There are 2 protein chains.
Amino acid sequence: MSSDASPAPPPVTLREVASAAGVSVATASKALNGQGRMTAETRERIRETARRLGFRPNSLAQSLLRKRSFTVGLLTNDTYGRFSLPLMAGVSDALVDAGVSVFLCNVEDDPRLGQLHVDAMLDKRVDGIIATGKRIDRHLPIDLSNLRIPVIYAFTQPDAGAIGFESDDAGGARLAVEHFCALGRRRIAHVSGPASFAVVHERARAYREVLAEHGLPAAEPLLGAWSEGWGHEAVAKLFDGKGRAETPDAVFCGNDQIARGVIDALRERGIGVPEEIGVIGFDNWEIVAEATRPPLTSVDMNLATLGREAGLALLSLVGGQAALPGIRKLPCRLVVRQSCGRPVGG
Amino acid sequence: MSSDASPAPPPVTLREVASAAGVSVATASKALNGQGRMTAETRERIRETARRLGFRPNSLAQSLLRKRSFTVGLLTNDTYGRFSLPLMAGVSDALVDAGVSVFLCNVEDDPRLGQLHVDAMLDKRVDGIIATGKRIDRHLPIDLSNLRIPVIYAFTQPDAGAIGFESDDAGGARLAVEHFCALGRRRIAHVSGPASFAVVHERARAYREVLAEHGLPAAEPLLGAWSEGWGHEAVAKLFDGKGRAETPDAVFCGNDQIARGVIDALRERGIGVPEEIGVIGFDNWEIVAEATRPPLTSVDMNLATLGREAGLALLSLVGGQAALPGIRKLPCRLVVRQSCGRPVGG
DNA sequence: CTGAAAGCGCTTACAG
DNA sequence: CTGAAAGCGCTTACAG
């Protein structure tokens, strides 16, 4: 009752269960936890009593004893972004079945706020921390390197000697370029984000490698912003004053917004997608990818899976399992829609 | 140390602080909490000792005594959506300074998952719950009506007798239509989402009211999907085979994606925005609103503020303040960009 | 002005 | 097979 002032009855305690069942709290505890030895009859009677009274153990008390709170902290600076969302859902999914709850800590880019949250997490005796962010080559504004609890990094820069989960961006780029090659495209351009992002270089490297492997020419990647506007500009650079033979027949874009801009610009020039030019995006941001005309084929970073894996890894560290430090790169997948022509299986 | 197996020292306890300072734990506790009476000197010595040892009280133990855990649960089924994100950030912001941490519970639309999360929250003795979702006229798949802790609803349908926070959608619609009127637009159309959404009717009602107040004709709102595609279709319905006098000079759209579709369709027909037609969207989803050509004027629901208010309201209930049940509607605001011409202050 | 005691709700050796 | 005792880390009356 959210607004009713009537004093709700306090939760049933183990003591009440025990006295209702006519046993000691020790015995009641053991009966409910499947510990100790007693007649099946006694155990069942106690359990039934607990059920009847709606007993639920106070996990604060349990945590105090067990030195394990069954909570973890999730630190992020990507509160308005779309990356942390699927990631958080994945983390949450992986943990809920283990009875572990997740504290959401929005640290923005503010060290003071970060410290505030980290202190709160430590005070609340979380079993571990997952740090996540909006880009893989920047560290959160907090030092997590000397905590006494396990830390897992996911989609943010890890500390030296820590465990981090990332998407395999180079692999994702390969998927895209290989797809173009398999479709018979020969003049494949790459339009990406700012040079200040590590992933821009990683994807560009993979782009060059795949083309080299296929004996195809690689143009210098066009670097700009992560925006539709840059997609438009890039098309101008690619096509203005060029003869047919010099223009690309495929464009691999650094994200879906760039791809959207590219597709719109091509349409406005009367250039057919996918007939004349194939386009692939990155991120598989469904709301964008499905709204482009035609719908956009895009590389998906499998962020929910990344979150799941990070959650499970943390659980295993908390459980005392050892794990090697280092970066784990998880594969991307290509989601084929209609912007490349001849869709595989479509 | 995320992967290092070296056994980290356990946290410093109050007992250790007390013995280091040569006092009893009771005195140490009182010194640190500003309770009891003792010489300022003793108090300061104890505090200094605590500081030196890096003592941080175990909030699990504190919670057990105080019957207050300084945690709340945030239930949502909008994990992939964009509504819950600013809202969650607002909630988190409002609570962090009060030392209250937020459990993130992704219940999707699964009653089993919902119950699992609610039980976990109750077991962990959260002080209260905030329920949020992706639309205002649907209830989460869980019954929150008979909990013993306060519940606040935000951007999801509340239970009878509960407290809910919503954006004032009718007010937001008024803002948009009044803006058109003030700019001298006379034939204002409304293109919105599916009739199954309550907000669609609320906004349409406000649309009609404002036009009536200005003595302007209201066309029947065009209802469809929340998508760009529907924006395109709607333009066809509005303009195909119509003479100039029958077509609108302004379109108020139910969300930014529809508005984007409308703007793109108009451009493709060679109709100038904002010269010939003004367009306003809803949601102020920045990444969309800023990418339309021209940038889109849009109604912002102030979701972060909604989250803040919800958080503060919960805090006040937890603190024992009474509050009247009912819906609190928070005002929207119009973010003026360039899709209506003559931008105010621009 | 300071400390011994009881207790929050539970679990876990240890006796009987 | 069951229970009394001690204890997790803290706080709060209550004595002295």
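It should be emphasised that the depicted structure is a prediction, and the values quoted were computed from it without experimental measurement. Lettering follows sequence order; numbering is per chain, from 1.
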Is A:T27 touching bases, backbone alone, or none of the nucleic acid, heavy atoms closer than 4.0 Å?
base
Starting the side chain at C-beta, find the nucleotide from C:dT2, C:dT12, C:dC10 nearest to A:K30.
C:dT12
Between B:T39 and A:Q62, which is nearer to the 5' end of DNA chain C once each is assigned its nearest nucleotide?
B:T39
Minimum-distance nucleotide (side-chain atoms of B:R66 versus C:dG3, D:dT11, D:dG9)
D:dT11
Sorted by position of nearest nucleotide on DNA chain C, 5' first, the leading residue of B:T42 and A:N33 is B:T42
Name the nucleic acid region contacted by B:S63, choosing base, sugar-phosphate or nothing; use a 4.0 angstrom heavy-atom cut-off, strictly under.
nothing
Can you find a pair of side-chain heavy atoms, one from B:V100 and one from B:T71, that are under 4.5 Å apart?
no
From B:D127 atom CG to B:L315 atom CG, the distance as rounded to the nearest 0.5 Å:
9.0 Å
Closest listed nucleotide, where the reference is the side chain of B:A26 and the choices are C:dT11, D:dT11, D:dT12
D:dT12
Starting from P on C:dC8, measure out to CG on A:L64 and report it in whole angstrom.
14 Å
Side chain of B:N58: nearest nucleotide among C:dT11, D:dG9, D:dC8?
D:dG9
Which nucleotide wins on minimum distance to the side chain of B:L65, given the candidates D:dT11, D:dG3, C:dA4?
D:dT11
Within this structure, what is the CG-CG distance for the pair A:N302 and A:L87, rounded to the nearest 0.5 Å?
11.5 Å
Give none if C:dA4 has no partner; otherwise give the nucleotide forming a Watson-Crick or G-U wobble pair with it, both distances under 3.5 Å.
none
Looking at A:E44 and A:R51, is there a salt bridge between them, counting it only when a charged N and a carboxylate O are closer than 4.0 Å?
yes
Nearest to side-chain heavy atoms of B:R15, which nucleotide of D:dC8, D:dA5, C:dG9:
D:dC8
Rounded distance (Å) that lies between atom P of C:dC10 and atom CD of A:Q35
16 Å
Round to the nearest Å and state the distance from B:R43 atom CZ to C:dG3 atom P.
13 Å
Which nucleotide in the set C:dG9, D:dA5, C:dG3 lies at the smallest distance from any side-chain heavy atom of B:V23?
C:dG3
Would you confirm whether the ring centroid of A:Y153 sits within less than 6.0 angstrom of the ring centroid of A:F165?
no
Go through the N and O atoms of the side chain of B:K67 and the base of C:dG9, and report whether any donor-acceptor pair is under 3.5 Å.
no
Picking from C:dT12, C:dA4, C:dC1, the nucleotide nearest the side-chain atoms of B:M38 would be C:dC1
